[in-house]
Amino acid sequence: MKAHIVGGGFGGLAAAAYLIRNAGVSGQDITIYEADERMGGGLFLGGCAETGYNMPASVFDKEYRCTFDLLQTIPSASGSAISVKDEFFTFNTQHPFHDRAHIIDRDGRTVPPAPRFGLSVRDGLDLVRLALTPEALLDGRRIEEFFSPRFFSTQFWLLWSTIFGSLPQHSATEFRRYMNRALALFPDLSDLRHVLRTPVNQYQAFIEPLVAWLRPRGVNFLANAFVRDIGFAPSDGRISVNRVDYERDGAATSVAVAADDVVLVTTGSQAEDLSVGSMTEAPRPRESGRSSALWKRLAQERTGFGNPYLFFSAVQVPSSRWVTFTVTTTGTEFLDQLSALTGSKPGFGGLVTLKDSGWLLSLTIFYQPEVIGQPSGTSVWWGYGLYPERNGDYVPKRMDACTGAEILEEVVRQLRFDQLDRIKASSICIPCDMPYVNNIWMPRSRTDRPPVVPEGATNLGLIGQYVEVPRDIAFTIEYSARTAWEAVHLLLKRGPAPPPVYQGQYDPKALLTAFKVFVSQ
Ligand SMILES: Cc1cc2nc3c(=O)[nH]c(=O)nc-3n(C[C@H](O)[C@H](O)[C@H](O)COP(=O)(O)OP(=O)(O)OC[C@H]3O[C@@H](n4cnc5c(N)ncnc54)[C@H](O)[C@@H]3O)c2cc1C
């Protein structure tokens, strides 16, 4: 039995590991096809200290059940006997987030948490009403249909939307799922106390150790290999893959797939068509559409494969684009002023949100070093704009049209910090335009994402964030890990089923914690 995995992101790597660990498949029988030059997908690490790093920043919680079950098996990159999971939790116990100031206003002043995060009784009832509405009644509906305009001006919404990425026009279904999944975190929205992060960037914390575990087991990694198509055996009503066609280094190859082989396809990437700029150049948009091309092809030819265009088409980019930026600095001027303003030591504050900024900027200072091998005396911090198609207040341009220097200037002036020139001279700000990063929030119906195993499929599984898994939230590595585990379990009928999705609404402790927020003064 051979396994062909399309996509070398966290989901594809997790699938390979579950195949080996849960289903006893030999690593030598597994091939991972990755269109990019490196594994990792959305968990990337680009650049270097000299030219400026480029990476995402991510947060997690303890209920990433499939993820941590897997990472318990994987030794950490530190070379010690400790697992990735244990290293992660040890780091978070020793270095917990504690935001002393999360929101900054247009005058560069910190804004304290409001009682009930500004929610009125009616807002609270509207939240409960949505939480109690079955998903079957939420098809295609938007968050803004369930709340008064006032709700969207509360601190609750500001904190929620900048942590989780939701906009008023986004999916009510996904928002409901987030509420249930993140109920226990309600009191922590301001200080992020129980929110977890990786000891170093996610590429080195998760992707490298996974690859290092899979490689000696014989897994065949094919980087720069774009799977253009998969072929199906003629059959009545059943879907059996019999061919994988891929392109690599300009050459097209067709691989035969037997009836008892499995093919697991990642149907898209939040990082599709990301483009990277520099201090002096704005990112140049590119439109390859590669990560979702295979899904579009599959959905075009048969029913039951969902609606890829809902998530991946130019018309919805205004609701899904972020511009992120990673700043590598040899100076301390910015970090010193931010610490003095927020009272949080660098690396211990969670997010700082500049609430009046046109782009709705949020920043985080990583715990240093954020990159294994980062030169001492260098610090890395990160930020993003939730509304990058609006104009800045000091740089009167859309954020996605700005150079790194312009973004840095906007941030420094928003904060009313001194020493702009010195900060610019000691910093490299790398902007990264991500047109599809927030597309998992598009208002969807239940059939817009296909199931992990499409109806009638005998040896095809679909994995990643654009596959329907009941109850779970998609902007997470947990979601991709869950789809991978589920696909292996359903197709091979070996190993345990994935653990159930954590649901805060059935957890008395979480309910009580959230309730206390609503009755606080
Ligand atoms: C800025 C940012 C912030 C994030 N924050 C968080 C967070 O706070 N918490 C959290 O849990 N998660 C977060 N995530 C999400 C996390 O990165 C994703 O959940 C995860 O990377 C998804 O893994 P995946 O394997 O499903 O997809 P991806 O990582 O996107 O990988 C899919 C891969 O498949 C490849 N591929 C697709 N089609 C083909 C083909 N036909 N042929 C060959 N290769 C193909 C693509 O090139 C890509 O590399 C964040 C992501 C970003 C970008």
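From a predicted model like this one, the values you see are computed outputs, not experimental measurements. Order of listing sets the numbers, starting from 1, for every ligand and every atom in it. Note that the numbering runs from 1 along the sequence shown for the chain.
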Problem set entry | Protein heavy atom at shortest distance from atom 44 (N) of ligand 1 | A35 N, 3.0 Å
Exercise. At the 4.0 Å heavy-atom cut-off, does W295 count as touching ligand 1?
Worked result: no
Exercise. Any salt bridge between D245 and R243, counting N to O under 4.0 Å?
Worked result: yes
For this session: Measure the distance from atom 15 (C) of ligand 1 to every protein heavy atom, then report the residue, atom name and distance (to 0.1 Å) of the closest one.
Result: Q270 OE1, 3.2 Å
Exercise. Between R177 and E135, is there a salt bridge with N-O shorter than 4.0 Å?
Worked result: yes
For this session: Determine, using heavy atoms of A14 and all atoms of ligand 1, whether some pair is separated by less than 4.0 Å.
Result: no
Exercise. Tell me: protein heavy atom nearest atom 30 (O) of ligand 1, and distance?
Worked result: S269 OG, 2.5 Å
Seminar exercise, completed: Under 4.0 Å between heavy atoms, the region of Y33 that gets near ligand 1 turns out to be backbone
Seminar exercise, completed: In this structure, atom 31 (O) of ligand 1 is nearest to the protein heavy atom G9 CA, 3.4 Å
For this session: Among all protein heavy atoms, pick out the one at the shortest distance from atom 40 (C) of ligand 1; state its residue, atom name and that distance to 0.1 Å.
Result: V6 CG1, 3.4 Å
For this session: Name all residues meeting the ring-ring contact (aromatic ring centres under 6.0 Å, His included) criterion together with Y309; count only those two or more places apart in sequence or in a different chain, and write none if there are none.
Result: none
Exercise. Which heavy atom of the protein is the closest neighbour of atom 20 (C) of ligand 1, given with residue, atom name and distance?
Worked result: I477 CG2, 4.0 Å
Exercise. Should the pair D191-R193 be classified as a salt bridge under the 4.0 Å nitrogen-to-oxygen rule?
Worked result: yes
For this session: Check the angle between the aromatic planes of H95 and F348 and answer parallel, tilted or perpendicular using the 30° and 60° thresholds.
Result: tilted
Exercise. At a 4.0 Å threshold, what atoms of ligand 1 neighbour a non-hydrogen atom of Q465?
Worked result: 18 (C), 19 (O), 22 (C)
Exercise. Under 6.0 Å from the CD atom of E287, do we count more than 12 heavy atoms belonging to anything else shown?
Worked result: no
Problem set entry | atom 29 (O) of ligand 1 - nearest protein heavy atom and its distance | G42 N, 2.7 Å
Problem set entry | Nitrogen or oxygen atoms of V59 and ligand 1 under 3.5 Å apart | yes
Exercise. Given that the side chain starts at C-beta and the backbone is N, CA, C, O, which of these parts of V437 lies under 4.0 Å from ligand 1, counting heavy atoms, or is it both or neither?
Worked result: side chain
For this session: Not counting sequence neighbours, which residues clear ring-ring contact (aromatic ring centres under 6.0 Å, His included) with W213? List them please.
Result: none
Exercise. Is there a nitrogen or oxygen of F44 sitting under 3.5 Å from a nitrogen or oxygen of ligand 1?
Worked result: no
For this session: Taking only Lys NZ, Arg NE, NH1 and NH2, and the carboxylate oxygens of Asp or Glu, determine whether R321 and E389 approach each other closer than 4.0 Å.
Result: yes
For this session: Would you mind telling me if ligand 1 is within reach of the side chain of Y479, the backbone, both or neither, using heavy atoms under 4.0 Å?
Result: neither
Problem set entry | A57 near ligand 1 by a heavy-atom separation under 4.0 Å | yes
For this session: Heavy-atom distances under 4.0 Å are what count here, so tell me which part of F60 touches ligand 1: side chain, backbone, both or neither.
Result: side chain
For this session: Establish, yes or no, whether a centroid distance under 6.0 Å links the rings of W160 and F117.
Result: no
Seminar exercise, completed: Among E272, R290, E37, E34, closest by heavy atom to atom 49 (O) of ligand 1 is E34
Exercise. Would you call E63 and R181 a salt bridge, taking side-chain N to carboxylate O under 4.0 Å as the test?
Worked result: no
Exercise. Between R21 and D69, is there a side-chain N and carboxylate O pair less than 4.0 Å apart?
Worked result: yes
Exercise. Does ligand 1 have an atom that lies less than 4.0 angstrom from a heavy atom of A225?
Worked result: yes
Problem set entry | Top protein contact for atom 23 (O) of ligand 1, by heavy-atom distance | S480 OG, 3.4 Å
Exercise. Y466 pairs by ring pair (Phe, Tyr, Trp, His ring centres under 6.0 Å) with which of F311, Y479, F475, F305?
Worked result: F311
Exercise. Looking only at heavy atoms, is any part of E478 under 4.0 Å from ligand 1, and if so is it the side chain, the backbone, or both, or is it neither?
Worked result: neither
Problem set entry | Contacting atoms of ligand 1, where contact means under 4.0 angstrom from a heavy atom of Y64 | 9 (N), 10 (C), 11 (O)
